[in-house]
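Chain letters run A, B, ... following the sequence lines, proteins first and then strands; every chain starts at 1.
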Amino acid sequence: MINITLPDKSIKAFESYPNGMDVALSISEGFAKNCVAMEINGKMVDLNREIKEDSSLRFITTKDKEALEILRHSAAHVMAEAVQNLYTDAALTIGPVVEDGFYYDIDMKPVSEEDFPAIEAEINNIIKAKKTFERKVVTSEQALEIFKNNPYKTELIQELAAQTAEQELSLYQQGGFTDLCRGPHIPHTGMIKGIKLMKTSGAYWRADQSKAQLQRLYGTAFFDKKDLNAYLHLIEEAKKRDHRKIGTKLDLYSFHQEAAGMPFFHAKGMAMWNVLLEYWREEHKRAGYVETKTPVMLSRHLWEQSGHWENYRENMYTSVVDEEEYAIKPMNCPGGMLLYKTGSYSYRDLPLRAGEIGLVHRHEKSGALSGLFRVRAFHQDDAHIFMTPEQIEGEILGVLQLVNRIYSRFGLGFHLELSTRPKKSIGSDEQWEEATNGLKNALNKYGKDYVINEGDGAFYGPKIDIHIKDALGRTWQCGTIQLDMALPERFDLSYKGADNEKHRPVMIHRVIYGSIERFFGILVEHFAGKFPLWLAPVQAVILPINDDLAPYAHGVSSQLSEYGIRCDVDTRTESLKKKIRDAQVNYTPLIITIGDKERESLTLSVRTLDGNVKMGMTMDGFVKSVVKHIKNRVFEDIVL
RNA sequence: GCCGGCGUAACUCAGUUGGUAGAGUAGCUGAUUCGUAAUCAGCAAGCCACCAGUUCGACUCUGGUCGUCGGCUCCA
């Protein structure tokens with residue numbers, strides 16, 4: 001007699017050893033159909049596993065989060081079989097589940113998207129055949145024999161054998177196809193209802209450039225075709241928001257092959273840029289920061305002292321000036337160190353919060369460049385905070401609060417990640433402990449959940465990374481708060497304590513926008529080009545309904561400009577309808593039509609992007625409410 | 001940097017058995033002077049990314065360079 005305890009504490013009894021499917025069927029046939037795998041005493045296994053002792057059991061159904069991973073893992077096997085069937089000399093390596101699907105790295109001739117239809121057709125044959133996944137346990141010797149023609153699997157088996165004491169490995173077989181795998185898998189291939197190959201790329205075996213280049217095939221899979229379609233739709237949406245496209249359309253910035261990876265900002269882009277910085281300066285002033293500026297190019301000696309020459313040399317642009325070697329700064333901190341050293345500080349001067357909008361250059365690999373998201377020249381909204389060790393917690397908390405203020409203004413949510421001491425690091429255990437605890441205490445006090453990335457910190461100190469979430473739910477790392485225990489040492493920074501002794505200040509290095517270029521790009525995609533009024537490159541466009549009204553329209557424009565409203569006048573000899581349409585597709589928040597009526601009554605007729613038109617607004621009334629809306633940087637659309 | 005795709009007018013894109021190129025939008029000119037999401041007509045615009053090669057002849061085929069896109073790697 002076997003007793004199975006279900007999560008609701010009910011107990012099912014079986015005469016002989018049941019497998020998961022038997023238990024599921026004992027609940028109901030419909031339920032069993034949606035079961036994907038099960039967890040027995042906390043261990044995830046296949047549904048067809050026989051249960052030989054009293055156990056607690058939890059079914060994983062298609063609704064559970066884990067189910068999708070299991071499905072995709074199985075889908076990876078199906079794709080691997082399809083590829084193997086079509087390309088008989090292909091050697092499989094590894095095929096894990098990733099965030100939006102799965103991939104399989106395969107040693108084979110390069111494939112492109114043109115090959116997808118054939119592979120997908122084969123995949124669908126396998127799915128239609130409803131092949132079951134059979135688990136087999138073998139010894140590592142047997143496994144080595146089975147995969148003797150595949151050097152990658154051989155390497156994996158040898159590694160696994162060295163790790164596992166029992167020397168037992170599991171294989172999964174679907175029809176005639178066998179793969180090394182921990183499992184579990186879905187009961188049969190027919191459960192995959194929506195599957196699609198997404199892209200290909202090269203990838204190195206074990207992510208090592210010196211090793212074989214493999215073909216990575218990306219795919220995704222769902223239990224329901226509808227989910228697949230929704231996912232594909234999301235990708236389409238993201239494509240429409242591509243900041244490279246919108247930036248061109250709205251005339252914000254451009255890229256040129258004469259300066260790869262170095263964006264050009266146009267007048268309208270700069271208008272937004274300046275708004276972003278104006279806001280930044282306002283918030284930072286309020287938070288007790290001063291603003292500084294350090295040179296773009298500094299002598300090699302400085303970089304040797306900071307350690308960049310040794311650790312970051314390959315990303316730095318250099319030049320020789322009067323026979324002395326210079327480097328264009330990839331980071332602002334060494335310059336910031338020199339600034340600190342020009343003064344002498346008492347503990348009463350700390351914390352010292354010195355911000356800098358610093359233009360940095362980094363020679364990124366050509367293949368890494370991508371619009372505004374990954375560039376070679378960018379501005380960091382940097383700041384260095386010098387403080388006493390006791391101030392760490394309070395200062396970090398202050399930065400977190402500032403981060404929250406600033407991101408909220410754009411309607412961006414965020415989450416926090418704490419990265420701790422990596423294997424390769426400098427500094428003593430005590431220093432690390434004190435620093436890491438400082439960060440943790442601040443995080444706890446801040447009260448928002450955070451993820452810990454063990455060993456992911458910088459070699460010179462632990463850090464908090466801030467990941468924002470945009471309107472499509474995509475996350476981006478922007479802000480970072482890094483505790484630096486190296487530079488104050490290397491530059492011999494000090495302050496006078498209350499004890500009249502010299503002490504070493506602690507330094508943090510933090511950004512909020514991160515790269516202003518990148519943050520800009522994120523905002524473009526986040527808003528899909530439809531910016532809040534305060535941020536819009538052109539806030540109002542004035543449309544005279546005939547040519548005679550053009551001079552008056554220009555007059556209105558200069559009046560509005562006096563109040564800091566960014567406006568354009570559309571004097572093209574086009575129909576009003578046409579001008580309105582153009583203003584709408586460019587997401588100009590305020591569309592002002594000027595006709596004889598308006599001129600005579602000195603009023604404005606204002607159309608907002610929602611299509612509402614407010615006629616007969618007085619200039620005063622309009623300016624008052626618009627200026628207030630802009631000044632308060634209201635996120636929501638203006639209602640007149 | 002590596003793998004694969006792509007590079008045609010300012011923008012978005014057509015253009016296959018190799019015979020020096022089109023469309024829409026934007027621009028310009030003219031007509032229309034218009035009341036809330038596209039008025040009409042005409043014109044101009046391209047060394048088909050660049051450099052070699054194959055060929056009588058290359059946008060088209062081959063090689064290389066640059067840029068770009070998706071990944072790998074890296075990261076703000």
- Which is true for A/Gly358 with a 4.0 Å heavy-atom rule: it touches a base, it touches only sugar-phosphate, or it touches nothing? nothing
- Pairwise C1' distance for B/A21 and B/C48, with rounding to whole Å: 8 Å
- Message: Less than 4.0 angstrom between a side-chain N/O of A/Arg607 and OP1 or OP2 of B/G35, yes or no?
- Response: no
- Message: So A/Leu369, base contact, sugar-phosphate only, or nothing? Heavy-atom distance under 4.0 Å.
- Response: sugar-phosphate
- A/Arg72 to A/Phe222 six-membered ring, cation-pi geometry met (6.0 Å, 45°): yes
- Describe the nucleic acid contact of A/Gly202 in one word from base, sugar-phosphate, nothing, applying a heavy-atom distance below 4.0 Å. base
- Among A/Arg244, A/Lys240, A/Lys245, which residue meets the salt bridge (charged side-chain N to carboxylate O under 4.0 Å, His left out) test with A/Asp242? A/Arg244
- Message: Under 4.0 Å, heavy atoms only, any strand: does A/Lys577 hit a base, just the sugar-phosphate, or nothing?
- Response: sugar-phosphate
- Euclidean distance for P, B/G63 against B/G5 (whole angstrom): 11 Å
- In whole angstroms, how far is the P atom of B/C74 from the OH atom of A/Tyr312? 13 Å
- More than 12 heavy atoms from other groups under 6.0 Å of NZ on A/Lys293: no
- Task: For A/Lys249, report the nucleic acid contact type (base, sugar-phosphate, nothing); a contact means any heavy atom under 4.0 Å.
- Result: nothing
- Watson-Crick or G-U stems involving RNA chain B, each at least 3 pairs long, distances under 3.5 Å, ordered by first number: B:1-7 with B:66-72, B:10-13 with B:22-25, B:27-31 with B:39-43, B:49-53 with B:61-65
- Message: A/Ile466 and side chain to side chain contact (heavy atoms under 4.5 Å, CB included): which single residue from A/Ile481, A/Thr480, A/Val399 fits?
- Response: A/Ile481
- Query: Looking across every strand, which nucleic acid part, if any, lies under 4.0 Å from A/Tyr218 by heavy atom: base, sugar-phosphate, or nothing?
  - Reply: sugar-phosphate
- Given B/G1, is OP1 or OP2 found less than 4.0 Å from the side-chain N or O atoms of A/Ser366? yes
- Query: Pick the nucleotide of RNA chain B nearest each of A/Val511 and A/Gly611; which residue has the one closer to the 5' end?
  - Reply: A/Gly611
- Query: Should the pair A/His467 and A/His415 be assigned to parallel (<30°), tilted (30 to 60°) or perpendicular (>60°) ring geometry?
  - Reply: parallel
Mind listing the N/O atom pairs, protein and nucleotides 24-30 of chain B, below 3.5 Å?
unit_1 : atom_1 : unit_2   : atom_2 : d
B/A26  : OP1    : A/Lys578 : NZ     : 2.6

- Task: Figure out the CG/P separation between A/Asp242 and B/U68, and round it to whole Å.
- Result: 14 Å
- Residue pair A/Leu92 / A/Tyr104, side-chain heavy-atom distance below 4.5 Å: yes
- Determine the interatomic distance between P on B/U65 and the same-named atom on B/A23; round to the nearest Å. 36 Å
- Query: Which part of the nucleic acid does A/Val360 contact within heavy-atom distance under 4.0 Å: base, sugar-phosphate only, or nothing?
  - Reply: nothing
- Task: To the nearest Å, give me how far apart CG (A/Leu604) and P (B/U36) are.
- Result: 17 Å
- Query: Mind checking whether A/Phe531 and A/Phe527 have parallel, tilted or perpendicular rings, split at 30° and 60°?
  - Reply: perpendicular
- Task: Using the P atom as the reference point in each nucleotide, state the distance between B/A45 and B/U60 in Å, no decimals.
- Result: 23 Å
- Taking atom C1' in both B/C28 and B/A14, what distance in whole Å separates the two? 25 Å
- Message: By nearest heavy atom, map A/Val613 and A/Asn546 onto RNA chain B; which one lands nearer the 5' end?
- Response: A/Asn546
- Please report the closest heavy-atom contact between A/Ile468 and A/Cys478, naming both atoms and the distance. CD1-SG, 3.6 Å
- Do the side chain of A/Glu364 and the base of B/A76 come within less than 3.5 angstrom through a donor-acceptor pair of N or O atoms? yes
- Message: Let's test your reading of the model: under 3.5 Å, does the base of B/U39 pair with the side chain of A/Ser575 as donor and acceptor?
- Response: no
- Task: Taking atom C1' in both B/A41 and B/G35, compute the distance separating them and give it to the nearest angstrom.
- Result: 25 Å
- For the side chain of A/Ser370 and the base of B/U68, is some donor closer than 3.5 Å to an acceptor across the two? no
- Query: What's the closest nucleotide to the A/Val585 side chain, out of B/C75, B/A37, B/G35?
  - Reply: B/A37
- Message: Below the 4.0 Å mark, does B/U36 have OP1 or OP2 next to a side-chain nitrogen or oxygen of A/Arg581?
- Response: no
- Message: Nearest to the side chain of A/Lys597, heavy atoms from C-beta on, is which of B/A76, B/G35, B/C66?
- Response: B/G35
- Message: Regarding B/C74, can its base be found pairing with the side chain of A/Arg374 as donor and acceptor, where the two atoms are less than 3.5 Å apart?
- Response: yes
- Looking at every strand, decide which applies to A/Arg216 at a 4.0 Å heavy-atom threshold: base, sugar-phosphate, or nothing. sugar-phosphate
- Determine the interatomic distance between P on B/A49 and the same-named atom on B/A10; round to the nearest Å. 13 Å
- NZ/NE/NH1/NH2 to OD/OE distance under 4.0 Å, A/Lys329 and A/Glu356: yes
- Query: Looking at the side chain of A/Ser605, which of B/G70, B/U36, B/G35 is the nearest nucleotide?
  - Reply: B/U36
- Task: Would you mind reading off the distance between A/Glu258 atom CD and B/G67 atom C1', rounded to a whole angstrom?
- Result: 10 Å
- Task: Using atom types as modelled and distance alone, determine if a side-chain donor or acceptor of A/Arg405 lies under 3.5 Å from a backbone N or O of A/Glu283.
- Result: no
- Pairs flagged by ring-ring contact (aromatic ring centres under 6.0 Å, His included) wherever residues 235-262 of chain A is involved - sequence neighbours left out: A/His243-A/Phe373, A/Tyr253-A/Phe265, A/Tyr253-A/Phe520, A/His256-A/Phe264
- Query: Considering only heavy atoms and no angle criterion, is a donor-acceptor pair shorter than 3.5 Å present between the side chain of A/Glu598 and the base of B/G35?
  - Reply: yes
- Query: In whole Å, what is the span from the CG atom of A/Asp115 to the P atom of B/G70?
  - Reply: 21 Å
- Message: In whole Å, I'd like the distance from the NZ atom of A/Lys365 to the P atom of B/G67.
- Response: 16 Å
- Rounded P spacing from B/A26 to B/U12 in Å: 15 Å
- Using whole Å, report how far CG of A/Asp381 lies from P of B/A76. 13 Å
- Which nucleotide sits closest to the side chain of A/Ala260: B/C72, B/G35, B/U68? B/U68
- Query: Would you say the ring centroid of A/Phe410 lies under 6.0 angstrom from that of A/Phe519?
  - Reply: yes
- Message: What's the closest nucleotide to the side chain of A/Gln380 if the choices are B/A76, B/U33, B/G1?
- Response: B/A76
- If you check the A/Thr573 side chain, which of B/U32, B/G35, B/C72 turns out closest? B/U32
- Query: Starting at CG of A/Asn315 and ending at P of B/C74, how long is that distance when rounded to a whole Å?
  - Reply: 12 Å
- Identify the two heavy atoms, one from A/Ala90 and one from A/Gln84, that lie closest to each other, and give their separation to 0.1 Å. O-NE2, 2.7 Å
